[in-house]
Every structure is written in structure tokens, then in C-alpha cells.
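Just so we're on the same page: letters track the sequence lines, and every chain starts at 1.
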Amino acid sequence: MKQMSLNIKNFAFPVLIVALLASCGEPRKAGEKEGSISIDGSSTVYPVTEAVAEEYTAAYPRVRVTVGESGTGGGFKKFSRGEIDINDASRAIKQSEIDQCTANNISFVELLIAYDGMAIVVNPANDWASDITVAELKKLWEPAAQGVVTRWNQVRSDWPDRPIQLYGAGTASGTFDYFTEAIMGEAKQCRGDYTASEDDNVLVQGVASDEGALGFFGLAYFENNKDKLKLLAVDDEDPSNGEGAILPTLETVKNKTYTPLSRPLFIYVNSKAAEKEVVQDFVTFYLDNTSMLASEVGYIPLADNETAEVKAKWSTFISTLQPVK
Amino acid sequence: MNRTKKNRLNDSLFKYFGILNTLLGLIMLAVFIFIILQTGLSRLSWDFITSLPSRFPEKAGIYTALIGTFWMLALTIIFSVTLGVSAGIYLEEYARKGFFSRMLEINISNLVGVPSVIYGILGLALFNRYLGLGGSLLAGSFTLSLLIIPVIIVTTRESLKAVPRTIKEAAYALGATRWQAISRQLLPAASGSIVTGIILALARAIGEAAPLIVVGALVYVPFIPNSPLDDYTLLPIQIFNWTSRPQPEFQVNASAGIIVLLFLTFVLNGISIYLRNKWQKKVKW
């Protein structure tokens, strides 16, 4: 029998490929911006940050910007340990997370970057409902409704006596937290007997194929599936922010008449990281371009005066930092 | 007579039951591959493979994800094969059989069934935080190695067991030391099936996303890693991100990405079949 050693040489091939591919980086130019910026957090905010990072990298190819999506909460965990420079968040930071940051000696600034509307949708074959009030949504989704409110006429008496199927975000998502907070007044308070998915496309398919369905998810998912879904107008019964039921559109989310189902999206910047020139430059670039890029990826940009406010907040913040070396 | 008939009937019944079940699996697979090819094939192009991630579905590509996957695969091979094969050899050939080794055996078999995300959590605590590797390729490949080492240990032991005992005894009779017998006789004879086991384990590992999201695989990484300590993204993660985007064009990208991943898996399986045939022919006593 022929002698054979343990065949390391057969594994050398993939290693070689990798080494070859890895060695072909771009050539270095003098005087160009360099550095790295690490971003993580909300998967809702991800498309906006990805768009900004894409534009920024196109302008400054030597700056290495990376974006993850471990979720708002997962991102804050890393942020409070100083592992990342910027956290994407689809809700404001919680007190427990602030405490965690303080404990680790981390200070930060919160910057509002865009709004996301939450759409309440039904099947296009649904010809009875065209609007819904916040009180009715609460009646339908509160924990006490579990197993009790199961037919359309229990929500509003002139709707037909037929079963209602509910579709919504899974309990681990920021969308779920926001919806329950806005409707029930307390995060995570919700009935459990509905079809839940973290993937909004699954919810779109569910509502589109079920005549008795009602669901909620991000407005961008409605915009891309308009022909398969029907949007409901939402009435918060508070005439001070717009009379009657209001459909979520770019205008109504921006001027805050579509309440309470429009949520603010933020980025949080670590102060230590903000002392670095590249990070400062990147965030300034972010704020300059966010209104254009946010609408490109399906979100609602800030009103002009809000953009100005956020920019002013940012420049005040960097002026308080130690001078950059 | 009656009983014979009944037995024959049972026999053919089972045959058709078997055919039905085989076809069911194959049809499901065929439908799945057909749908993926139908949606994704037109999107597949050299540009798609060499472009960076982008918010424009038609400009987005899998370059960094693909290279990340290659890196991950290469590093995982290095760690998991070294550890897995040597542990398998030790347990099969050196370790004294007793209560302790039987407990170890049961636990290793159990580890094969642990959900992959659990390994992710372990990797996060151990490699990312305790060893301070952060969200690097190294931490990711350690975690994937942990995931597949139990499989490799079990395969190595089974392959060594399958080598006829007389071979080992003959080697000893000729004055070979234990290591000489293992390295010159047992391993070459067993290597075909060991490598098959390793490659099947790797084919599973490259499709993993859950544990790697936990240990810090990112999504948007516009550069390819230069060292094992760099940030990275991977094909399954890029595919997962695309399937959850609202724009239907991203679903097409996801399908094209899946085709590439399927192709990689086919190549790996092909290599394993090739190596098995090659070695099995060589080993002759």
C-alpha cells in the first residue's frame, strides 16, 4: 500500500484562493480620509444607514464603514459596552440602557433621522372597512381580547358577522414594541392569538391571501404591495392633530397628523467615537443626505425645520467635545 | 398459500410506499430548485458576483459576502479538522475504554443535536468577549468549528472502526509504534470516509446564519477581509437581509444568491464524492 500523510495539501486550495482574492485591494491615494466606523442596531433603520454608507464609501473609499442588524436592543447592548460607534434605533433609548451606558462611562447623542409610518391593512376584497379608530384597535389587540374578539362585528357593530384573522409583527421586533406602546399605552401588552412573523413579507402574503385579515407592518411594505392590500385610515379621535380618520402618506406622517402610528427613527453616536474625525464627518454627511436617502428606501424624511434642529443639535454637540487631534 | 400471497402483497405495498416517499422528497427538491432558478437565474451575472452591496437592487452584488464565505470556510476547515480529527483518533485509538470515555461519547453525540444558535451564544461569550476577538472572522470560524467538531469526531471514530482490526495488528506485529500504525495504515485507509464526513459537515456550516449573526457577522461590509481579525459578512446573511426587504427586486437578488450558495454546496459534495472514490481505489491490501 502506498504511503499517505494526512492530506493537508487538499485543503491548501481554498486557502490559496482566499489569499489571492484578498490581496487585490485598491491602491492607496495620499491625503485621503481613512479610518473605520462600526454601526449596528435596528433592522428597520438598516436600509437608511446602508444607503448613507454606500454614498459615503463611494466618496471616500478608504473609510471602512460596516453596518450590522442585530436589532435595536441588541445594538444598544453593544453600544453600551463601547463595541460600536453608532447604533441605529427604531425607538428611543430605554432608561435601563442609559443606566448601562452610564455604568460603562459612555456618553452619547441622540439624532432623529426619519419617520416610519405603520400601516393598518386589510385584504382588497374587504369592502366594509375603510377606517378604524385607535379605540377599536385597542379593543381588537389588547390581551383581554384573546379568544373573545374574533369577529368583525365585535369591533364595530355595522361590520359583518364574519371571522377576523390577525397578522402582526413578532414579539421580538421593535415594530411590535412600537405598535403595542402606541395602541395599548404599554409596550408588549398584546393578545397572543394572532399570526406573528418577524418577516414583514410573510405578513404581506398572509393579509393578501385572506379575506377576513387585518394586519400591521411598516408603510414601505404596503407601498411595494399596493395591488395586493388595502390601507385603512386611522382615527385617534383627537381633532387637535387632524380631524377624522387619516391615511398614512408622506404628508400626513411628516406633518404628524397620522398619529399615533408613525414612529421616529434615530441614530445614537458614542461621544468617544465622535471625537474621531471620520465619525464626525460621516455623521455630518448622514444628516446632510438623510432626507433624500430615507425617501428612496421607503421612509418619511423629516420636515425642513426638524432637519435644521437636528443639525444644530449635532454641531452644538461636537463643539463641546475635546478638540480633535 | 394464503400466507405467501399476503407476504407478497405486503412486500409490494412497502415497495410502493418507499417509492412514494422517495419521490415526495425529490419532487419537493425539484420544485424548490425550479422556483429558485426561475426567479433568480436571470439576475445571475458576473456583475452580480463582483458588485458590492447596495440599496439599488439592480446594482447590488454578493462580492464581499462570497469572499467572506470563502474565508470562513477556509478558517473553519483549519480549526475543525485539526481538532476534530485528532480528538477522534485519540478517543478511538488511545483513550482507555471505561466509564469516563463512555460518558464523553454520549455527550459528543448529544452535542451534534444542539441548536446552532446556542453555539452562537457560547461563541459570543467566549471568543468575542472573553478572548476579545470581537466580531472578527476568527471568532466566527471558532464558533462554526465548535458547531461541526462533534460531527467530525463521530465520523472519524466510525471511519477508524471500519478499518479491519487485522491491519492494525499486522502493523504491530511488524514492530510499528501506535502512531506509525495510525498514520501509515489506519488513517490512509479511513481518510476517504473521514473527508466525506468533514465535507458534509462543512456544507452544513456554510449555510448557517443564526450563530454567526450572534457572534457579529455584519450585513453591510463594502470591503473584503484582509486578515482573520477583520469584519465580515456572509452569503446566508446577505440572502436573509434581502428576503426581508420590502422591494420585490430584492427577492430576486435573494434567489440569485441562493443559486450561488446551492452551487457551492454542490461543488463541496462533488469534491467529497471525488475524494472518496479516489482513495477507496488506492487502498488495497
Checklist entry - When you measure from the side chain of A/Thr290 to the backbone N and O of A/Ile113, does any donor-acceptor pair fall under 3.5 Å? => result yes

Next on the checklist: Can you tell whether the side chains of B/Arg55 and A/Glu54 come within less than 4.0 Å, N to carboxylate O?
Outcome noted: yes

Checklist outcome for this item: Highest number of heavy-atom pairs under 4.5 Å with chain B among A/Arg81, A/Glu198, A/Glu83 belongs to A/Arg81

Checklist entry - Is a side-chain donor-acceptor pair under 3.5 Å present for A/Thr252 with A/Thr249? => result yes

Item to check | Presence of salt bridge, A/Arg91 and A/Glu97, under 4.0 angstrom | outcome: yes

Next on the checklist: Between the side chains of B/Arg178 and B/Glu93, is the shortest nitrogen-to-carboxylate-oxygen separation below 4.0 Å, so that they form an ion pair?
Outcome noted: no

Item to check | Among B/Gln247, B/Arg245, B/Gln251, residue most engaged with chain A (heavy-atom pairs, under 4.5 Å) | outcome: B/Arg245

Checklist entry - Looking at B/Val219, B/Asn241, B/Ile271, B/Leu218, which makes the most heavy-atom pairs under 4.5 Å with chain A? => result B/Val219

Checklist entry - Side chain, backbone, both or neither: which part of A/Phe222 has an atom under 4.5 Å from a heavy atom of chain B? => result neither

Checklist entry - Which of residues 126-135 of chain B get closer than 4.5 angstrom to chain A, counting heavy atoms alone? => result B/Arg129

Checklist entry - What part of A/Asp199 gets closer than 4.5 Å to chain B, counting heavy atoms only: side chain, backbone, both or neither? => result side chain

Item to check | Contacting region of A/Ser70 [heavy-atom separation from chain B under 4.5 Å] | outcome: neither

Item to check | Distance-only side-chain donor-acceptor flag, B/Ser145 / B/Ser80, under 3.5 Å | outcome: no

Checklist entry - Do any N or O atoms from the side chain of B/Thr64 and from the backbone of B/Val221 form a donor-acceptor pair under 3.5 angstrom? => result yes

Checklist entry - Between A/Tyr56 and A/Tyr286, does the ring centre distance come in under 6.0 Å? => result no

Checklist entry - Salt-bridged, B/Asp230 to A/Arg64, with N to O below 4.0 Å? => result yes

